[in-house]
Protein chains: 2
Amino acid sequence: MEIREVFARNLRALRQAKGLSQEELAHQAGIDRTYISSLERNVYNASIDVVDRLAEVLGVDAAELLKRPSDDLQGSKSELDE
Amino acid sequence: MEIREVFARNLRALRQAKGLSQEELAHQAGIDRTYISSLERNVYNASIDVVDRLAEVLGVDAAELLKRPSDDLQGSKSELDE
DNA sequence: ATGTGACTGAAAGTCCGTG
DNA sequence: GCACGGACTTTCAGTCACA
């Protein structure tokens, strides 16, 4: 599993857990609205600076956003990367 | 402390802990030697893809390279970012 | 074995819009 | 509220020569 996909998933999951819209997150992190959308759809390779800014708004450590899921055996194949 | 600097330090520390030269690390990660040098000197905002490739060679999780030092009280002021 | 400036192509990232 | 596109600027990715 590519790191980009890990990031994309974590980003979306955490954002929704926080009850934020893409627009709100974008605004608070000082990032373009459409770019957040792209990141969640695994279109780009974000820089660590962007990861950190998003992590801050989401209230977690930057490392959290790059954490791979600890081998979910239920895990169906990804729909983000195929 | 900026995430870039955190990354730069962790990279250098882990590389040296592994007893690798920049050249060896560069070779194994398929990255140019001078680029590694730039990253360790905090010149660029690495992409998560690069972080992941380096982490793999260093035998750690990508998230490890972005972990902030847990507030080292001995910590003198950085020489990387001033 | 590393730091640095200069360089180029490629991708990141912004800003405008649409359905 | 989000996906997706086109056009645009800035920064990274990657290589070279040199100290």
Heavy-atom pair with the smallest gap, counting every atom of [X] and [Y]:
X	Y	value
E64(A)	N10(A)	O-ND2, 3.6 Å
A46(A)	Y35(A)	CA-OH, 4.1 Å
I3(A)	I48(B)	CG2-O, 3.6 Å
S47(A)	N45(B)	CB-O, 3.8 Å

Sort out for me which residue in E5(A), E2(A), R4(A) forms a side chain to side chain donor-acceptor pair (under 3.5 Å) with N42(A). R4(A)

Residues L25(A), K18(A); criterion side-chain contact (heavy atoms from CB on, under 4.5 Å); working and verdict: CA-CA 10 Å; L25(A) 175 57; K18(A) 278 268 171 183; over 6 Å; no

Pairs touching residues 20-35 of chain A that satisfy salt bridge (charged side-chain N to carboxylate O under 4.0 Å, His left out), sequence neighbours left out: none

In whole angstrom, what separates [X]'s [atom1] from [N]'s [atom2]?
X	N	atom1	atom2	answer
Y35(A)	dC16(C)	OH	P	18 Å
N42(A)	dC2(D)	CG	P	18 Å
I36(A)	dG13(C)	CD1	C1'	11 Å

base_contact_polar (dG14(D) base, R33(B) side chain, donor-acceptor, <3.5 Å): no

Could you work out, with side chain to side chain donor-acceptor pair (under 3.5 Å) as the rule, every residue matching S38(B), not counting sequence neighbours? none

Quick one: on DNA chain C, does S38(B) or Y44(B) contact a more 5' nucleotide (nearest heavy atom)? S38(B)

With a 4.5 Å cut-off on side-chain heavy atoms, are R9(A) and M1(A) touching? yes

Do the non-hydrogen side-chain atoms of V6(B) and L66(B) ever get within less than 4.5 Å of each other? no

Would you please confirm or rule out a distance under 4.0 Å between OP1 or OP2 of dG3(C) and any side-chain N or O of R12(B)? yes

Determine: side-chain N/O of S37(A) to OP1/OP2 of dA3(D), distance under 4.0 Å, yes or no. yes

Under 3.5 Å, side-chain donor or acceptor atoms of residues 52-63 of chain B against the rest of the protein: list the pairs with distances, not counting sequence neighbours.
{"unit_1": "D52(B)", "atom_1": "OD1", "unit_2": "R68(A)", "atom_2": "NH1", "d": "3.3"}
{"unit_1": "D52(B)", "atom_1": "OD2", "unit_2": "R68(A)", "atom_2": "NH2", "d": "3.4"}
{"unit_1": "R53(B)", "atom_1": "NE", "unit_2": "D49(B)", "atom_2": "OD2", "d": "3.4"}
{"unit_1": "R53(B)", "atom_1": "NH2", "unit_2": "D49(B)", "atom_2": "OD2", "d": "3.2"}

Between the first and last five pairs of the helix from dT2(C)-dA19(D) to dG19(C)-dC2(D), the angle of the axes, rounded to 10 degrees: 40°

Please list residues of residues 13-32 of chain A whose heavy atoms come under 4.0 Å from any atom in DNA chain C, ordered by number; otherwise none. G30(A), I31(A), D32(A)

Please list residues of residues 45-60 of chain B whose heavy atoms come under 4.0 Å from any atom in DNA chain D, ordered by number; otherwise none. N45(B), A46(B), S47(B), V50(B), R53(B)

